[in-house]
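Heavy-atom basis, side chains included; hydrogens, waters and symmetry copies ignored. In what follows, chains are A, B, ... by sequence order, proteins preceding strands, each numbered from 1. Computed from a prediction, not measured in an experiment: that's the story for all the values here.
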Amino acid sequence: KNQVEQSPQSLIILEGKNCTLQCNYTVSPFSNLRWYKQDTGRGPVSLTIMTFSENTKSNGRYTATLDADTKQSSLHITASQLSDSASYICVVSDRGSTLGRLYFGRGTQLTVWP
Amino acid sequence: EADIYQTPRYLVIGTGKKITLECSQTMGHDKMYWYQQDPGMELHLIHYSYGVNSTEKGDLSSESTVSRIRTEHFPLTLESARPSHTSQYLCASSAGGSSSDTQYFGPGTRLTVL
């Protein structure tokens, strides 16, 4: 069964600190993995996308890693800001369907305190 | 910021009412999607469309219906709302339907059925 599991479910950190969010998946055949940021009451916004051959992708203070062998990804946030408070969702695509089927994790709820 | 809009943003209605959730995008995307998301849970695809006059049901069974008469417009209708329909509904669009095409999300409609 294709699944995406994220940990931790929630995380509280102080402003300026770093944090790492985890994503494990069983989706096969794998196409790509995205990290989305979803602010409260808003739709998800894409942060990074990685294909099978990519190990690392950065977007400002966000750095995503991918280990396709162990089917794990992480999102590292550097020097956190209050505006980083949001849900971070790991989304994995398979390449076995014409639709480009997306499998969503439940997200990690990050809260940054001043 | 993606050019995809949803109205209303919040809706509270009584059981048995007919409602239509509006979604429109100005990016000229052929593919559009409706997702349902409960708090702390993953997004579930309920409807999608490859283009005008094309609609398909998604993975999660839904009593809602959709139509695609114009490329930019993809409304979702509930003929008789029930409390079990209380959820957040997210509309998305993409330029293509393959796994490499990024889906852009609207801000969502938070529906509460009393």
Side-chain angles (χ1 to χ4, degrees), chain A residues 1-11 23-25 27-54 57 59 86-111, chain B residues 1-11 21 23 25 29-51 54-60 87-112:
Chain A
K1 180 182 179 183
N2 289 322
Q3 284 186 311
V4 178
E5 302 286 344
Q6 292 187 243
S7 63
Q9 183 177 347
S10 61
L11 181 63
C23 173
N24 296 336
Y25 63 91
V27 177
S28 181
F30 174 85
S31 176
N32 58 63
L33 184 147
R34 288 181 173 84
W35 282 94
Y36 276 88
K37 178 186 179 186
Q38 185 175 21
D39 292 313
T40 301
R42 309 290 298 180
V45 175
S46 180
L47 292 174
T48 63
I49 176 174
M50 288 183 293
T51 59
F52 185 88
S53 59
E54 295 176 296
K57 184 72 69 76
N59 177 1
S87 178
Y88 291 83
I89 303 173
C90 178
V91 185
V92 182
S93 298
D94 72 18
R95 52 182 172 83
S97 64
T98 56
L99 177 62
R101 178 74 167 82
L102 300 183
Y103 296 87
F104 292 83
R106 294 186 176 184
T108 292
Q109 184 64 49
L110 175 66
T111 303
Chain B
E1 194 88 10
D3 294 323
I4 180 164
Y5 311 97
Q6 291 185 243
T7 58
R9 293 293 315 280
Y10 303 92
L11 180 61
L21 307 184
C23 175
Q25 49 95 5
H29 288 169
D30 283 329
K31 311 301 186 294
M32 296 190 74
Y33 315 81
W34 275 104
Y35 291 89
Q36 186 173 339
Q37 183 183 30
D38 292 320
M41 302 296 287
E42 62 268 47
L43 278 71
H44 290 285
L45 181 68
I46 53 176
H47 298 283
Y48 61 95
S49 167
Y50 283 128
S54 155
T55 61
E56 302 286 346
K57 288 190 179 295
D59 305 311
L60 182 67
S87 188
Q88 169 145 299
Y89 293 85
L90 290 162
C91 180
S93 71
S94 63
S98 75
S99 59
S100 61
D101 291 296
T102 298
Q103 290 188 18
Y104 296 90
F105 287 83
T109 293
R110 170 73 63 186
L111 173 65
T112 302

Quiz item: Who pairs with Thr112(B) by side chain to side chain contact (heavy atoms under 4.5 Å, CB included), at least two apart in sequence or on another chain?
Solution: Val12(B), Thr86(B), Leu114(B)

Self-check item: With sequence neighbours excluded, residues passing side chain to side chain contact (heavy atoms under 4.5 Å, CB included) with Gln25(B)
Solution: Ile4(B), Met27(B), His29(B), Met32(B), Arg68(B), Thr71(B), Ser93(B)

Where on [X] is there a heavy atom nearer than 4.5 Å to chain A: the side chain, the backbone, both, or neither?
X        : answer
Glu56(B) : neither
Gln6(B)  : neither
Leu43(B) : both

Practice problem: For the residue pair Tyr25(A) and Phe30(A), categorise the inter-ring angle as parallel (less than 30°), tilted (30 to 60°) or perpendicular (more than 60°). | Solution: parallel

Exercise. Tell me, for Tyr103(A) versus chain B, whether the close heavy atoms (under 4.5 Å) come from the side chain, the backbone, both or neither.
Key: neither

Quiz item: Just by distance, with hydrogens left out, do Asp38(B) and Ser87(B) show a side-chain donor and acceptor under 3.5 Å apart?
Solution: yes

Quiz item: Between Ser46(A), Gly41(A), Gly107(A), which shows the greatest number of heavy-atom pairs under 4.5 Å with chain B?
Solution: Gly41(A)

Exercise. Identify which of Gln109(A), Gln38(A), Gln9(A) forms the greatest number of heavy-atom pairs closer than 4.5 Å to chain B.
Key: Gln38(A)

Practice problem: Pick out which of Tyr35(B), Tyr33(B), Tyr89(B) makes a ring-ring contact (aromatic ring centres under 6.0 Å, His included) with Phe105(B). | Solution: Tyr35(B)

